[in-house]
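To keep things clear, I will list the structure first and then write my remarks on it.
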Amino acid sequence: MSGISYVRGDATVPSVGGVKVIAHVCNDIGGWGKGFVLALSRRWPEPEAAYRAWHRDRAANDFGLGAVQLVRVERYVWVANMIGQRGTRTGSKGVPVRYEAIGTALGRLADEAAALGASVHMPRIGCGLAGGTWTRVEPLVTGRLVERGIAVTVYDHREGPG
């Protein structure tokens, strides 16, 4: 079984056939407007609308750290809104990323991807605005998805650091 495939490109445009899930990390306070979500919103309005409704109705649903919401955006493309960060700012309690929540969400995503027969595509989740490190996230992706036989591609968008 191979590990994660790394490519340079845009995670919102997976270049493989079959059913695809584009996974990304969201915060737990209903904020959408910076980072990778902007690229998603440029392509499809559904993920943002679904996330905002999920947050708005959170008293009556599973919205919270570790939860996953799958949103169909094309016939063979889904977006996974995964709640993996507490708030949006780095402060006295550290960075917003919550590795345990990302691990839980990836486990739930694995079940959904397996049921759909889908491959999973993502940027380096939790490592942008959430403030996480890929050395902490990568083993979660490997353990929850790759070891279950789910093909995972990670996209690096920009050239060089920055």
Side-chain angles (χ1 to χ4, degrees), residues 1-16 18-44 47-48 50-51 64-71 73-74 77-91 93-114 116 118-162:
M1 178 180 351
S2 66
I4 299 167
S5 297
Y6 291 89
V7 300
R8 190 161 302 285
D10 182 348
T12 68
V13 190
S15 58
V16 299
V19 180
K20 298 164 278 292
V21 176
I22 300 168
H24 71 110
V25 168
C26 300
N27 62 65
D28 66 348
I29 59 170
W32 182 291
K34 290 185 177 178
F36 183 70
V37 298
L38 295 176
L40 287 172
S41 290
R42 279 193 292 274
R43 288 188 54 83
W44 307 285
E48 178 180 0
Y51 169 80
L65 288 170
V68 177
Q69 178 190 52
L70 250 69
V71 182
V73 293
E74 292 180 12
V77 181
W78 299 76
V79 170
N81 293 331
M82 302 187 304
I83 310 301
Q85 72 179 72
R86 165 90 59 208
T88 58
R89 302 206 191 294
T90 296
K93 294 183 178 159
V95 294
V97 70
R98 294 294 179 266
Y99 297 109
E100 184 177 316
I102 290 174
T104 299
L106 288 169
R108 292 176 175 155
L109 174 61
D111 294 339
E112 298 285 354
L116 291 167
S119 56
V120 174
H121 305 264
M122 64 180 71
R124 292 186 188 233
I125 58 170
C127 298
L129 296 170
T133 63
W134 190 243
T135 56
R136 295 273 310 270
V137 175
E138 184 181 43
L140 299 173
V141 173
T142 300
R144 304 302 194 288
L145 297 170
V146 176
E147 290 178 5
R148 288 203 41 199
I150 295 164
V152 176
T153 303
V154 172
Y155 295 75
D156 288 312
H157 195 260
R158 285 176 275 186
E159 296 290 334

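Keep in mind that what you see is a predicted model, and the values were worked out from it rather than measured.
A salt bridge is defined here as a Lys NZ or Arg NE, NH1 or NH2 lying under 4.0 Å from an Asp or Glu carboxylate O, and R8 with D156 fails to meet this definition.
Using a 4.5 Å heavy-atom threshold, the side chains of M82 and I125 count as touching. Using a 4.5 Å heavy-atom cutoff, the side chains of V154 and W134 are in contact. Considering only heavy atoms from C-beta on, L40 stays 4.5 Å or farther from E48 through its side chain. Y51 has its side chain out of reach of V37: every pair of non-hydrogen atoms, C-beta onward, lies at least 4.5 Å apart. In this structure, T90 and P96 have side chains that are in contact, with non-hydrogen atoms separated by less than 4.5 Å.
The two residues L38 and G33 have their closest heavy-atom pair at CD2-O, 3.2 Å. Of all heavy-atom pairs spanning C127 and V137, the tightest one is SG-CG2, 4.1 Å. Scanning both residues, A11 and P123, for their nearest heavy atoms gives CB-N, 3.9 Å. Closest approach of L140 and Y99 over heavy atoms only: CD1-O, 3.5 Å. Residue L70 comes nearest to A80 through the heavy atom pair CD1-CB, 3.8 Å, listed as atom of the first residue, atom of the second, then distance.
In this structure, R98 contributes its side chain and L65 its backbone to no donor-acceptor pair below 3.5 Å. Under a 3.5 Å cut-off, the side chain of N81 and the backbone N or O of P47 do form a donor-acceptor pair. With D28 contributing its side chain and G87 its backbone, the two residues share a donor-acceptor pair below 3.5 Å.
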Checklist entry - Which is it for I4 and V146 under the side chain to side chain contact (heavy atoms under 4.5 Å, CB included) test, yes or no, and what are the steps along the way? => result CA-CA 7 Å; I4 299 167; V146 176; 3.8 Å; yes
Checklist entry - How far apart are the C-alpha atoms of L145 and M122, what are their side-chain angles, what is the distance that settles it, and do they pass the side chain to side chain contact (heavy atoms under 4.5 Å, CB included) test? => result CA-CA 12 Å; L145 297 170; M122 64 180 71; 4.0 Å; yes
Next on the checklist: Between R43 and V73, is the side chain to side chain contact (heavy atoms under 4.5 Å, CB included) condition met? List the steps.
Outcome noted: CA-CA 9 Å; R43 288 188 54 83; V73 293; over 6 Å; no
Item to check | Intermediate values then yes/no, side chain to side chain contact (heavy atoms under 4.5 Å, CB included), W44 and V71 | outcome: CA-CA 10 Å; W44 307 285; V71 182; over 6 Å; no
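Atoms CD and CG, from Q85 and N27 in turn, are 5.0 Å apart once rounded to the nearest 0.5 Å. Interatomic distance, NE2 of H157 versus CG of D10, reported as 4.5 Å (0.5 Å rounding). The OH atom of Y155 sits 9.5 Å away from atom CZ of F36, with the distance rounded to the nearest 0.5 Å. Separating the OG1 atom in T12 from the NZ atom in K20 is a distance of 12.5 Å, to the nearest 0.5 Å. Taken to the nearest 0.5 Å, the OG atom of S15 stands 8.0 Å off from the NE2 atom of H121.
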Enumerate, atom names and distances included, each donor-acceptor pair closer than 3.5 Å involving a side-chain atom of residues 103-113, sequence neighbours excluded.
residue	atom	partner	partner atom	Å
T104	OG1	E100	O	3.1
R108	NH1	G66	O	2.7
D111	OD1	R148	NH1	2.6
D111	OD1	R148	NH2	3.2

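Checked options L116, I150, V152, V79; the residue passing with V21 is L116 (criterion: side-chain contact (heavy atoms from CB on, under 4.5 Å)).
Qualifying side-chain contact (heavy atoms from CB on, under 4.5 Å) partners for A151, counting only residues two or more places apart in sequence or in other chains: S119.
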